[in-house]
Every structure is written in C-alpha cells, then in structure tokens.
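These notes concern the structure reproduced below.
The figures here come from the full heavy-atom set of this structure, side chains too, leaving out hydrogens, waters and symmetry mates. Reminder, nothing fancy here: chain letters follow the sequence lines and each chain counts from 1.
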Number of protein chains: 2
Amino acid sequence: MPTTPAPTARPKRQGRRPGTSGSRQVILDAAQARFAQEGYAGATIRKIAADAGVDASLVMQFFGSKDELFGAVMSITLSTLSRFSEAFEGPEHSLGERVTRAFLQVWDGDPKDSEPLLAMLRSAISNEQASSQLREFIQARLTEAIAPQLPHLQDTATRAGIASSMLIGLVVGRRIVKVPSLVSEDTESLVRYIAPAVQAILTGGHDA
Amino acid sequence: MPTTPAPTARPKRQGRRPGTSGSRQVILDAAQARFAQEGYAGATIRKIAADAGVDASLVMQFFGSKDELFGAVMSITLSTLSRFSEAFEGPEHSLGERVTRAFLQVWDGDPKDSEPLLAMLRSAISNEQASSQLREFIQARLTEAIAPQLPHLQDTATRAGIASSMLIGLVVGRRIVKVPSLVSEDTESLVRYIAPAVQAILTGGHDA
DNA sequence: GGAATATCTCAACGATTGTTGAGATAGGTT
DNA sequence: AACCTATCTCAACAATCGTTGAGATATTCC
C-alpha cells in the first residue's frame, strides 16, 4: 500500500499558487474595454495584451482562445444584465418610465457597468455568441421581467421585445452612432420624451 | 503647327470602351450583399471578388481600395434614403403611422433596397464613414423631412432623432439580432403596436 | 537548499488581409 | 492589317491575425 495520497483526496500540492499576480484581471479589464470599443472582430489579442502590459501569449495561456476570452467578458455581461429585473416592479401606470429610466441610467453610470453591454452590442454584428446572447436577453430575460407587471395582457413577449429593441436603438444612436441631438440631451430629459412612448407600447391598446 | 489635337479638346480616343463587360456592376452588387451581410470589417475584397466570379485585383483596378468600394456602395445607400422624405407628408395626427410604416416597409421589400441600408447599419460599428453617414441621415435628412410636418414645435430635431433611433433599433432587433417575437410579427401588426408610440414622441407634450 | 508549480516572455508558424505590378486577353479606331 | 485602350488574371508583397512551443522567471512546499 503506497504512502502517496489518492489523486482525488487532499491534493495539498506544492508550488506557486495560481492567480497571485492579478494579471488575469488586468487582461479581463483590458479585453472588456477593447471589445466595448471595437467589437469582437475589431479587438485583437495583441492590442488587449498591450493594454494590459503583457505578452499576447499570456492571454492565450489564461483563456485558451479569443472566443473563450470573449466568453469570459460575456459572463460578466450576464451579471450586469441581471440587475435590470429589480427595477421594473411598481404601479403599471408608470411602468414605461421605470423601464426607460433603468435602461438609460446604466449607460450614464460607471463605465465598468456599461462596457460589458457595449461590448455585447458592438460584437453582436460579427460574433454569433454575442448576437444570441443579446437575443436571449431581449426575448427571455426582459420579457420575464416585464411580463409580471402586465398580468392581464397576453402579448407581453411582443410588447417587451418591441420596447427593448427601441430602447437599444436609442443606445445605439446615442453611444455608437453619436447622433448630436441625442448626445446633447441628458438622461432625465430623454426619459420625459420616451417614457410615454414606452408606456404606450407596453400597456396601450392594440387596435386592428 | 502640329496636326494632333490639343489634349483637352475632342479626345475622340480610340481603343476599347470602358464598362462594356458589366463586371463593374456585378462587383458592386456582390459588394453590397457582402457588406450588408458581414459589415465593413467582415467583408473582404477576396470574398467579394469570388462572389462576382472575378479576380481580387480587378476590384482594386475598378475602385482603387476597399474604402472607395465601400464608398460606392454607400452612395447607392444615399439614393435609397432619399425616398423616405416623400412618405412623410400628410395630416399630423397620423404622422407616426406614416413614418413607422415607411420605415418598416423598406426592410420587407426588394433586397436591393434594404441591402444598402443593412450594409450601412452593420458597418456603422467598425467604419467611420458608415457611422457618420448614418448619423447624418438621422440628424439631418430625417429631421428635415419630419420637421415641416410639425411647424408648431421647436424641438423637432430631438424628437426626430429619438424616433429615428428607436425605429432603427427595431430593425436591429428584427434583422440583425433576430429577436423571435419581432421576426414572427408581420409589418402591419408591428405598425399597430409602434405607430402610437412614435406619434407620442413626435407630437406628444414634453412635460417637466 | 532543492523540487514542484504557476506566471510570463520570446520567437516563430501558417493563414489571411489589402494592395501592387506585370503581362495576357478582348474590343474598338484608323 | 496595325494600333490603342480597357478588361482581366497571375503571382507576389508586407502587414497583421490567432495560435503554439520552449524556456526563463517567480512563488510555494518539503
């Protein structure tokens, strides 16, 4: 009977411990910023590595491939998205305002919150992973969050999908295309313009 | 006094005439489809040339560079955009419906009409030319087309910018991200959902 | 101190990109 | 016919991409 412990029991390994330098997090931050700024196709491993002050091969060693690195950034995105749901509860007559404000406020806050979403938006055009994630966010997450606020309607998926797409379009116009009349307007002013429209989509009658 | 004519007067040149093979138009069509499907960064000269059944260097000979080829496709886009303006005239109480329908109908018609716009949309993320063109379209063209219909309002640029961005977001959700609940809905059904919202943005009161 | 393990750099690979120059081919003029 | 011009192909360039393997450096346990 050997004295060496079983492989599964108490590894108690010796040697250097993983993740002690913090470079992994620095790379992740740089990747998040690059993906947000240039999208999946535009961002390169070499530029991300340069931003992090690290060799490109180290990025590969940590994350395996560009796709897996992007996947790591996207998993951060998911946690950011989950914070939307909480903001939607309240009286139905002001649902449009709450949804609109929750949507717009994310993009005016900490870049560390908006960057993952920008990365997903910009990459949705060139990367299937980002595209399907954005699709699932609009279709499932947002619908699940909004539908309970409208228990008497049957077409909540359609209404939520339309409202979400239009709000995302607003972000595209304001943050990516940079339409002057949208950039110059502050969040609360935009909410006053948009909230009634979102309210009409979510709760308005659907006349034939 | 030489018998040869002056360089600027009556060229009357001999030799083969330009544009007799039609390859230039075939390349332009292939480029339009590729830019629409994969955006500026994703589309490559070699793939475009392969689609057109032509060598890649011929594309360069005709258009000079990838940027100039993209510029040629964008100039087609401008002519497509110009047809928007005509659809907006009419009574103010139904302006939202006309704008919404005009917007959505372009994407359900002939691909030769929607492809240039899709190319501009998809490329706006990776190419400054497409981005600034889309920005100018939303800010100037659409505002100029909608403003005359709302002579009594002062913030028409803001209202038109918001409405346009939201409608573009709808196209992004329906044609690029492919949100199921938007894809399955037909144009007229979407118009009934969206027109009241667009109407609210364009003509609604802006309460403080 | 060694031994083991993780972090990190260096150099290079194969593929793909936009682009270029030379030359072959086709069509129009005299 | 000869001549000119435009169309088009072929081969290759330099740059950049993601990715890989080997080795140097740092950290932890014995």
Report task. Grab the CD1-C1' distance between B/Ile48 and C/dT19 for me, whole Å please. Result -> 14 Å

Query - Main-chain N/O of A/Ser131 paired to B/Lys178 side chain as donor or acceptor, under 3.5 Å - result: no

Query raised in the report: Which whole-number value in Å describes the distance from A/Phe70 CZ to D/dT19 C1'?
Result: 19 Å

Requested in this report: Report the nucleotide, chosen from C/dG18, C/dC8, C/dT19, that has the shortest atom-to-atom distance to any side-chain atom of A/Ser23.
Outcome: C/dC8

Report summary line: note: A/Glu38, atom CD; D/dT16, atom C1'; distance rounded to Å ~ 14 Å

Query raised in the report: Does B/Ser21 make a side-chain N or O approach to OP1 or OP2 of D/dC8 shorter than 4.0 Å?
Result: yes

Query - Distance in angstrom units between A/Ile45 CD1 and D/dT20 P, rounded - result: 11 Å

Query raised in the report: Checking all strands, does A/Ala43 fall into the base, sugar-phosphate, or nothing category for heavy-atom contacts under 4.0 angstrom?
Result: sugar-phosphate

Report task. Select from A/Asp55 and B/Thr20 the residue whose nearest nucleotide in DNA chain D is closer to the 5' end of that strand. Result -> B/Thr20

Query raised in the report: Which nucleotide in the set C/dG28, D/dC8, C/dC8 lies at the smallest distance from any side-chain heavy atom of B/Arg17?
Result: C/dG28

Query raised in the report: Are any of the side-chain nitrogens in A/Arg192 or A/Glu97 under 4.0 Å away from the carboxylate oxygens of its partner?
Result: no

Requested in this report: Just call it for A/Ser57: base, sugar-phosphate, or nothing, with non-hydrogen atoms closer than 4.0 Å on any strand.
Outcome: base

Query raised in the report: Which whole-number value in Å describes the distance from B/Met60 CE to D/dT7 P?
Result: 16 Å

Query raised in the report: B/Pro18 side chain: which of D/dT7, C/dT17, C/dA6 is closest?
Result: D/dT7

Report summary line: Sorted by position of nearest nucleotide on DNA chain C, 5' first, the leading residue of B/Ala56 and A/Arg16 is A/Arg16

Query raised in the report: Roughly how many Å is it from CD1 in B/Ile27 to P in D/dC8, rounded to a whole number?
Result: 7 Å

**Report entry** Among C/dT7, D/dC30, C/dG18, the nucleotide that comes nearest once only the side chain of A/Gln14 is considered
**Finding:** D/dC30

Query - Side-chain heavy atoms of A/Leu118 within contact of A/Trp107, under 4.5 Å - result: yes

Report task. Indicate yes or no: at least one non-hydrogen side-chain atom of A/Phe35 is less than 4.5 angstrom from one of A/Arg122. Result -> no

Query - Residue A/Leu58, side-chain heavy atoms: nucleotide from D/dC8, C/dT7, D/dC3 that is nearest - result: C/dT7

**Report entry** Exam field: side chain A/Arg141 to backbone A/Leu81, donor-acceptor pair closer than 3.5 Å
**Finding:** no

Query raised in the report: How long is the line joining CD of B/Gln61 and P of D/dT5, in whole Å?
Result: 15 Å

Query raised in the report: Rounded to the nearest Å, what distance is computed from the NZ atom of residue B/Lys66 to the P atom of nucleotide C/dT17?
Result: 9 Å

Report summary line: Whichever of B/Arg46 and B/Gly22 has the more 5' nearest nucleotide on DNA chain D, that residue is B/Gly22

